[in-house]
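These notes are about the structure you will find just below.
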Amino acid sequence: MTACAIEPAAANEENGENGDGKTSRTEHVSTEDRETPRTERAITDAGERPPTEYMPTEDGRAPRTGCVITVDGSYAARLARDGGSWFPERWTLDGPEPYAVPLPGNQPEEPGTEVQPMGDGRVLIRRFTDGRHVFSLLYPTGPRTGELPLGAVECPDEGTVLRLLPPAPGGEKAYALAVGPRSSAVWLVAGGAFGPEHVAQVPGRCSGGVWLDRAGRMLALDRETDGQTKAVVVDLERGGEVSPLLQIADGSDDRLLLADPDSGLLLISSDAPSPGWARLGWGVLGSTLPVRFPECLRVPECTLTPFAIQPGQMLVPESCGVALRVDGPMGSWVGVWRPAARQVQHLPAPGGWLAGAGLWTEDGELLLPYATAETPCGVARWAAAPGNGALAGEAEGPGGTGARGATGAGDAGPEGSEGGGGTVVGTPEPGPPEPVVARPVPLQQAPLGNLVTK
């Protein structure tokens, strides 16, 4: 099991002050890997890039993004750089125009430090020092940075890695995943009553992390056991009860990449249709139809990573816009695709794009944050034009808006009538005032048959 000890914050630090009444200072810390955040790419054993559209990193995670955005799109946070110094930075995105607030501590941060925006505008930070993962909430206080210590989690098991999970719906809580040699632990690290709280223990090594509902209860993880990776659901309100989510083939690795609670659309990575090569597919939460692997999502010499789904499309998952990060020989750009479409539209990324970060609005507008020397805090907006579905873009930054880019389209090949066997298990349909969460029910395997064109 993953053994982690809790070290809660002292009582006199509840208001961000230490014993002498001064604001708690930010300590200079070291990270596990001491490396600058980077984009990792997977290569086959033969040393060649496979003709697939998605490959996870060595720990099963997607390539790292330039910033993290709250579920409602109000705030973002990133680790910014000033010369050779790193510091947290909060972006406000829900105002008339975006603006950034630096949150530097008394000493520079290490490049591997994690930050995550909360719904109230504070920024959660995870630092690694002296074998402990220390959590604090940062907030601006005039010319200084206020800091509210939350406590620490210590993972004495050798090889255990702890990282923040994606922002939870609501923005009031934040979770972390500690992956040990034989099991993984889910920790509530912000929003609890008494510092970090252990909320679930999952057998096997887990990666990923996707929220399936608006209540922040059902968490999907990609669990590796006996050399196979399958997506499972962890019910955080039932003691961490684990249920199967994806079951495509006996020997396939099936990962959940993204989910939209409104429409139930799921973006999936699986090597079921092409053993040894992961492919992008899509399904619908609770549907009995098979997972489909469109041929148009196979772009030669490129890796596609989905990072945003258009919300609010009740009962019409096929119409949801999906934003894709495309990494190829010429760099990174943006792809836009809808399950009902038979092509991927390729868009030039705005200069300084915080690669892999973005957000869809319900109206079909794709927001892409970027930072340049001229515009240190900007958002490029790509809106679907009526009629033909093409995208037109402009960029916002402090001081006004201006034209930023032109539309671009590319057909990566027609979508074949293909799908993958297996289905996905349903979670609740949203409904006020309190959503009722249906527990996942394990499904039997469905044969691929002739539904997939390899």
Handout entry: Arg127/Glu109 salt bridge by N-O under 4.0 Å criterion
Key = yes
Handout entry: Non-neighbouring partners of Asp72 that pass side chain to side chain donor-acceptor pair (under 3.5 Å), sequence neighbours left out
Key = Thr70, Ser74
Practice task
Considering non-hydrogen atoms only, spot the tightest contact between Pro181 and Thr160 and give its length.
Solution key: CD-OG1, 4.0 Å
Practice task
May I ask you to test the Val123-Leu137 pair for a side-chain heavy-atom distance under 4.5 Å?
Solution key: no
Fill in the blank from the handout: In terms of heavy-atom contacts, Ser183 and Gln201 come closest through OG-NE2, 2.9 Å
Exercise for the section: In plain terms, say whether Asp253 and Lys230 are close enough for a salt bridge, that is, a side-chain N and a carboxylate O under 4.0 Å apart. Expected result: no
Exercise for the section: Please name the pair of heavy atoms, one in Ala174 and one in Met118, separated by the smallest distance, quoted to 0.1 Å. Expected result: CB-SD, 4.1 Å
Exercise for the section: Please report the C-alpha distance between Ser252 and Asp271 in whole Å, then the side-chain angles of each, then the deciding distance to 0.1 Å, and finally whether the side-chain hydrogen bond (donor to acceptor under 3.5 Å, both in side chains) criterion is met. Expected result: CA-CA 6 Å; Ser252 61; Asp271 62 356; 4.6 Å; no
Problem - Lys/Arg N to Asp/Glu carboxylate O, Arg122 vs Asp120, below 4.0 Å - result: yes
Practice task
Supply the atom-to-atom distance Asp327 CG to Ser332 OG, rounded to the nearest 0.5 angstrom.
Solution key: 3.5 Å
Practice task
Heavy atoms only: give me the nearest Pro140-Leu103 pair and the separation to one decimal.
Solution key: N-CD2, 3.6 Å
Practice task
May I ask you to check whether over 12 heavy atoms, not counting those of Glu172, lie within 6.0 Å of atom CD?
Solution key: no
Practice task
Any chance you could lay out the salt bridge (Lys or Arg N to Asp or Glu O under 4.0 Å) test for Glu89 and Arg78, step after step, and finish with the verdict?
Solution key: CA-CA 5 Å; Glu89 188 176 72; Arg78 69 170 185 142; 2.9 Å; yes
Problem - Pair Phe307 and Trp353, ring centroids less than 6.0 Å apart - result: yes
Handout entry: Distance-minimising heavy-atom pair for Val284 and Ser263
Key = CG1-O, 4.0 Å
Practice task
In plain terms, say whether Arg217 and Asp235 are close enough for a salt bridge, that is, a side-chain N and a carboxylate O under 4.0 Å apart.
Solution key: yes
Exercise for the section: Could you grab the distance from atom OG1 of Thr113 to atom CD1 of Ile125, nearest 0.5 Å is fine? Expected result: 5.5 Å
Fill in the blank from the handout: Heavy-atom nearest pair, Ala357 first then Pro369, reads O-CD, 3.4 Å
Fill in the blank from the handout: Value for CD (Gln116) from CG (Leu164), rounded to nearest 0.5 Å, stands at 5.5 Å
Practice task
Taking the six-membered ring for Trp and the single ring otherwise, decide whether the centroids of Trp211 and Tyr175 are under 6.0 Å apart.
Solution key: yes
Exercise for the section: Supply the atom-to-atom distance Asp222 CG to Thr229 OG1, rounded to the nearest 0.5 angstrom. Expected result: 7.0 Å
Handout entry: Arg381/Glu365 ion pair, N-O < 4.0 Å
Key = yes
Exercise for the section: Keeping to residues at least two apart or across chains, list the ring-ring contact (aromatic ring centres under 6.0 Å, His included) pairs with something in residues 234-261. Expected result: none
